[in-house]
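First the proteins, then the strands, lettered A, B, ... as listed; each starts at 1. In this text, all values refer to a predicted model and were calculated from it rather than measured experimentally.
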There are 2 protein chains.
Amino acid sequence: MSKTTAADLIDRLERAGIRPSAQRVAIAGYVLATSEHPSADEVWQRVKTDFPMVSRATVYNTLQLFTEHGLLRQLVLAEGCVVFDPHVAPHHHFVDDVTGRIEDIPWSALRVGKVDQLEGVDVREYMVVVRGRRTRG
Amino acid sequence: MSKTTAADLIDRLERAGIRPSAQRVAIAGYVLATSEHPSADEVWQRVKTDFPMVSRATVYNTLQLFTEHGLLRQLVLAEGCVVFDPHVAPHHHFVDDVTGRIEDIPWSALRVGKVDQLEGVDVREYMVVVRGRRTRG
DNA sequence: TGCTCTATTTAGACTATGTCTAAATATCGG
DNA sequence: CCGATATTTAGACATAGTCTAAATAGAGCA
Ligand SMILES: [Mn+2]
Ligand SMILES: [Mn+2]
Ligand SMILES: [Zn+2]
Ligand SMILES: [Zn+2]
């Protein structure tokens, strides 16, 4: 039953090399503990209930700061930002960190196992998303 | 060397149950042949070079129509639409089709093979993205 | 303590992009 | 051709990410 106290949060921010301002502690109190995978604006809405005067820019900047210091990851999974792919058969994707370009990986080029053993889900589709850099090729 | 002709495109649209208006054929001529994984606005910009008067609404509606008829897939992979995850260790994700909720799948729950055999890429990270519905559980 | 420099926060403008509407246009069946 | 339907259009609207200049808060030092 270890509840995350303000002192715990301050400690964590300081160990990450981040000065623990009141705003940053409030943001950390939500976003470092959630399992909700919130968008930046969702974090803003949520933090405002405890800290009404926090600005949108502070929340965005703080999330970026936490990410740079390894306390958060950014996942490109939010609905509403889609790209279109005329290749409708199952395949995987590679996203180039440098250019942002999305490339196809043939289904047979990777092997994914144990998907059918997932509990409590009715799987419609799945794919591997690989991120990195292109080398010579 | 089979170039996609307008007649081919019209045929494909008709077989999909879509009336082949001039705008739809112009949009199809780009988006059904590309390997670029474009966003809707990128499709709009591109199609406008050949068909300057096409409206944004038509492009968005047409992409939706093509998707509903199985000619396109929508991929949630575009940079700029991120969610934040305090769980920074490698893991996979399940996205609920009904609620949009993103849930963690432990790294050990799935098995991914042959990633190290990908040619021409320096892999920084990868994950499986599973989409579907929650059942009882 | 009070001063000065720096880090941080703020409001709000700005941009980009997805959505919606009502009117105009094109196409179809008869 | 005519009336009905399908499609397209311009532009308003909404949402969310970015940027800026000014205000505030905090740290280091006299
Ligand atoms: Mn998590
Ligand atoms: Mn493709
Ligand atoms: Zn693809
Ligand atoms: Zn996660």
- prompt: Does Gln23(B) put a side-chain nitrogen or oxygen below 4.0 Å from OP1 or OP2 of dT9(D)?
  reply: yes

Between Asp41(B) and Tyr60(B), a side-chain donor and acceptor under 3.5 Å: yes

- prompt: For DNA chain D, whose closest nucleotide is more 5', that of Gly80(B) or that of Arg56(B)?
  reply: Arg56(B)

task: Round to the nearest Å and state the distance from Leu63(B) atom CG to dT17(C) atom P.
output: 14 Å

- prompt: How many Å lie between CD on Glu14(A) and P on dA7(C), as a whole number?
  reply: 17 Å

message: Just the rounded figure in Å: distance from P of dT17(C) to CD of Glu79(B).
response: 13 Å

- request: Identify whether NZ of Lys or CZ of Arg in Arg134(B) sits under 6.0 Å from the centre of the six-membered ring of Phe94(B) and within 45° of that ring's axis.
  value: yes

statement: Closest heavy-atom pair, Phe84(B) versus Ser39(A), reported as atoms and distance to 0.1 Å, is CD1-C, 4.4 Å

query: Taking NZ, NE, NH1 and NH2 as the nitrogens, is one of them in Asp97(B) or Arg124(A) under 4.0 Å from a carboxylate oxygen of the other?
result: yes

- prompt: When rounded to the nearest 0.5 angstrom, what is the spacing between CG in Asn61(A) and OG1 in Thr58(A)?
  reply: 6.5 Å

message: To check you understand the geometry: which heavy-atom pair defines the closest contact between Val83(A) and Ala78(B), and what is its length?
response: CG1-CB, 3.9 Å

Divergence of helical axes at both termini of the helix from dT1(C)-dA30(D) to dG30(C)-dC1(D) - five pairs an end, 10° steps: 20°

query: Can you tell me how far P of dT9(D) sits from CZ of Phe51(B), to the nearest Å?
result: 6 Å

Phosphate-side-chain proximity, Ser21(A) and dA25(D), N/O vs OP1/OP2 below 4.0 Å: no

- prompt: Starting at the 5' end of DNA chain C, which residue's closest nucleotide do you reach first, Ala57(A) or Tyr60(B)?
  reply: Ala57(A)

task: Send over the distance from Asp41(A) CG to dT17(C) P, rounded to a whole Å.
output: 17 Å

query: If each of Arg19(A) and Ile18(B) is mapped to the nucleotide of DNA chain D with the nearest heavy atom, which maps nearer the 5' terminus, i.e. the 5' end?
result: Ile18(B)

field: Shortest non-hydrogen contact from Trp107(A) toward Pro90(A)
entry: CB-O, 3.5 Å

field: Whole angstrom value for the distance that separates P of dA16(D) from CH2 of Trp44(A)
entry: 10 Å

- prompt: Gln74(A) CD to dA16(D) P: how many Å, rounded?
  reply: 17 Å

- prompt: What nucleotide among dA16(D), dT19(C), dT8(C) has an atom nearest to a side-chain atom of Arg24(A)?
  reply: dT8(C)

- request: Report which part of the nucleic acid Thr58(A) touches: base, sugar-phosphate, or nothing (heavy-atom distance under 4.0 Å, all strands).
  value: base

Listed nucleotide nearest any side-chain atom of Met53(A), set dA11(C), dA16(D), dT9(C): dA11(C)

query: In whole angstrom, what separates Gln64(A)'s CD from dT8(C)'s C1'?
result: 16 Å

task: Could you say whether Asn61(B) or Ser39(B) is positioned toward the 5' end of DNA chain C, judged by the nucleotide with the nearest heavy atom to each?
output: Ser39(B)

